[in-house]
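Presented below is the structure to which this report refers.
For this chain, numbers begin at 1 and follow the sequence in order.
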Amino acid sequence: MDRGTEGWGSGLIGVIIFSGSLPATRVAVEGFSPLFLTCARAVIAAGLGALLLMAFRQKRPAAADLGPLVLVALGVVVGFPLLTALALQHITSARSIVFIGLLPLATALFAVLRGGERPKPAFWLFSLLGAALVAGFALAGSQAGDATGDLFMVAAIIVCGLGYAEGARLSRRIGGWQVISWALVCALPVMAVIALATLPVHWTGIGVSAWAGLAYVSVFSMMVGFIFWYRGLALGGIARVGQLQLLQPFFGLALAGLLLGEPVAWTMVAVTGLVVLCVAGAKRYG
């Protein structure tokens, strides 16, 4: 298996893992506040990352890597989870998918600016078409937006795209799991303080499903998924493999249908097929 194919496979596993975050978060917020959930999952994942770093006796990052690690932490550990939590206080989760559909495009732009990649013009055509399909599908089923929530989502997409591109670039030197582990450790002091400040007042009413949701977003969404995702981006190309994120909303909705009994419309299946074609086109011309 060549590096490109291996990268796409690893990236796809990462996207599937990330897709489980939506149903897991939905059940987790039944017992925890969004702010506590955001910080607690980062603290738990940071503990796992620190254990891995110690177990495999990883050297501390070089001075030149500290800046990129801080950007990764600000983008995917702190920025994206916090900004989306703030946005969802003003807009529906359905409307947020409008902006998630723009994430592959943001990642590709930062791949050019920070990673030095130069995709072909046809790549941008498929990327824009895929983003338009996802955004249009989400917009058709969403309610009217709120300017504050929309701005929070735009900011979330920008910082997440930067975090993805920066982490993938750094993964080529120090490895994917090392990048997310060190980024989590960098963010640990701030996230731990906020988690302590937002602890639930009562613990007895928190159900098993909420604890299971917290466990999933902590272990898989915040750690395991990034191991596969950063490896995929590093091997297959940040801009190209990043287009797999176009499938994430549909995987998430499908999982919500299977696990939570939510309806899956035929339009979702049709649009997913078109998005798959756009991802294939981006892969070919990236």
- Counting N and O atoms only, with roles assigned by atom type, does the side chain of Arg118 sit under 3.5 Å from a partner on the main chain of Val112, one being a donor and the other an acceptor? yes
- Ile17: partners by side-chain contact (heavy atoms from CB on, under 4.5 Å), with sequence neighbours left out: Ile13, Tyr216, Phe220, Val224, Phe228
- On a heavy-atom basis, the closest approach of Gly242 and Leu233 is N-CD2, 3.7 Å
- Item | Qualifying side-chain hydrogen bond (donor to acceptor under 3.5 Å, both in side chains) pairs, either residue in residues 171-192, two or more places apart | Gln58-Gln178, Asp65-Arg173, Glu117-Arg172
- Item | Single-linkage hydrophobic cluster Phe226~Leu235, side-chain heavy atoms < 4.5 angstrom | no
- Query: Linking Ile, Leu, Val, Met, Phe, Trp and Tyr through side-chain heavy atoms less than 4.5 Å apart, which residues share a cluster with Val193?
  - Reply: none
- Task: Give a yes or no on whether Leu170 and Phe56 share a hydrophobic cluster (residues Ile, Leu, Val, Met, Phe, Trp, Tyr; joining criterion: side-chain heavy atoms under 4.5 Å apart).
- Result: yes
- Message: Using side-chain contact (heavy atoms from CB on, under 4.5 Å), reason through Phe250 and Val275 one step at a time and then give a plain yes or no.
- Response: CA-CA 10 Å; Phe250 303 102; Val275 168; 3.8 Å; yes
- Query: If you look at every heavy atom in Ile157 and Ala106, which pair is closest and at what distance?
  - Reply: CG2-CB, 3.8 Å
- Is the Phe251-Phe18 ring centre distance short of 6.0 angstrom? no
- Tell me the salt bridge (charged side-chain N to carboxylate O under 4.0 Å, His left out) pairs involving residues 181-195, sequence neighbours left out? none
- Shortest non-hydrogen contact between Ala168 and Ala234, atoms and distance: O-CB, 3.8 Å
- Search all heavy atoms of Ser21 against all heavy atoms of Val217 and return the closest pair with its distance. O-CG1, 4.2 Å
- Message: Could you measure the distance from the CD atom of Glu166 to the CG atom of Leu69? Nearest 0.5 Å is fine.
- Response: 9.0 Å
- Give the cluster check for Leu196 versus Phe36: same hydrophobic cluster or not, with ILVMFWY residues linked at side-chain heavy-atom distances below 4.5 Å. yes
- Query: Could you give the distance from CD1 (Ile180) to CD1 (Ile227), rounded to the nearest 0.5 Å?
  - Reply: 8.5 Å
- Taking side-chain contact (heavy atoms from CB on, under 4.5 Å) as the test, write out the residues that go with Ser218, two or more places apart. Arg41, Ile44, Leu214
- Step-by-step side-chain contact (heavy atoms from CB on, under 4.5 Å) determination, Cys278 to Leu274: CA-CA 6 Å; Cys278 290; Leu274 294 174; 5.7 Å; no
- Message: For residues Val76 and Leu66: do they belong to one hydrophobic cluster (side chain heavy atoms under 4.5 Å, members Ile, Leu, Val, Met, Phe, Trp, Tyr)?
- Response: no
- Query: Got Pro61 and Ile174 here, is their nearest side-chain heavy-atom distance under 4.5 Å?
  - Reply: no
- Rounding to 0.5 Å, atoms CZ (Arg284) and CZ (Phe126) come to a distance of 9.0 Å
- Taking all heavy atoms of Ser33 and all of Thr198, pick out the closest pair and write down the distance. OG-O, 4.3 Å
- Query: Out of Leu102, Val134, Val276, which residue meets the side chain to side chain contact (heavy atoms under 4.5 Å, CB included) rule with Leu246?
  - Reply: Val134
- Note on the structure: Distance col, row Leu184:CG vs Leu53:CG, nearest 0.5 angstrom, shows 9.5 Å
- Query: What is the minimum heavy-atom distance between Ala46 and Leu188, and which atoms define it?
  - Reply: CB-CD1, 3.9 Å
- Residues sharing Leu74's hydrophobic cluster, by side-chain heavy-atom contacts under 4.5 Å among ILVMFWY, directly or via others? Val70
- With sequence neighbours excluded, what pairs up with Leu105 under the side-chain contact (heavy atoms from CB on, under 4.5 Å) test? Trp124, Ser127, Leu128
- Message: Could you measure the distance from the CG atom of Leu71 to the CZ atom of Arg169? Nearest 0.5 Å is fine.
- Response: 8.5 Å
- Should Met222 and Leu51 be regarded as members of a common hydrophobic cluster, given that ILVMFWY residues are connected when their side-chain heavy atoms come within less than 4.5 Å of each other, either directly or indirectly? no
- For residues 223-239, pull every pair meeting side-chain hydrogen bond (donor to acceptor under 3.5 Å, both in side chains), keeping only residues two or more places apart or in separate chains. Glu6-Arg231
- Message: Could you measure the distance from the SG atom of Cys160 to the CD atom of Gln245? Nearest 0.5 Å is fine.
- Response: 7.0 Å
- Name all pairs fulfilling the side-chain hydrogen bond (donor to acceptor under 3.5 Å, both in side chains) condition that reach into residues 201-210, sequence neighbours left out, sorted by first residue then second. none
- Query: Would you say Val279 and Leu244 make side-chain contact, with heavy atoms under 4.5 Å?
  - Reply: yes
- Are the side chains of Leu48 and Leu52 in touch, meaning some heavy atoms are under 4.5 Å apart? no
- So, Gln243 side chain and Arg240 main chain: donor-acceptor pair closer than 3.5 Å or not? no
- Item | Partner residues of Ala210 under the side-chain contact (heavy atoms from CB on, under 4.5 Å) criterion, sequence neighbours left out | Phe32, Ile206
- Message: Show every side-chain hydrogen bond (donor to acceptor under 3.5 Å, both in side chains) that has at least one partner inside residues 76-87, sequence neighbours left out.
- Response: none
- Item | Remaining members of hydrophobic cluster (4.5 Å side-chain criterion), Phe152 | Leu35, Leu82, Leu83, Leu86, Val159, Val190, Ile194
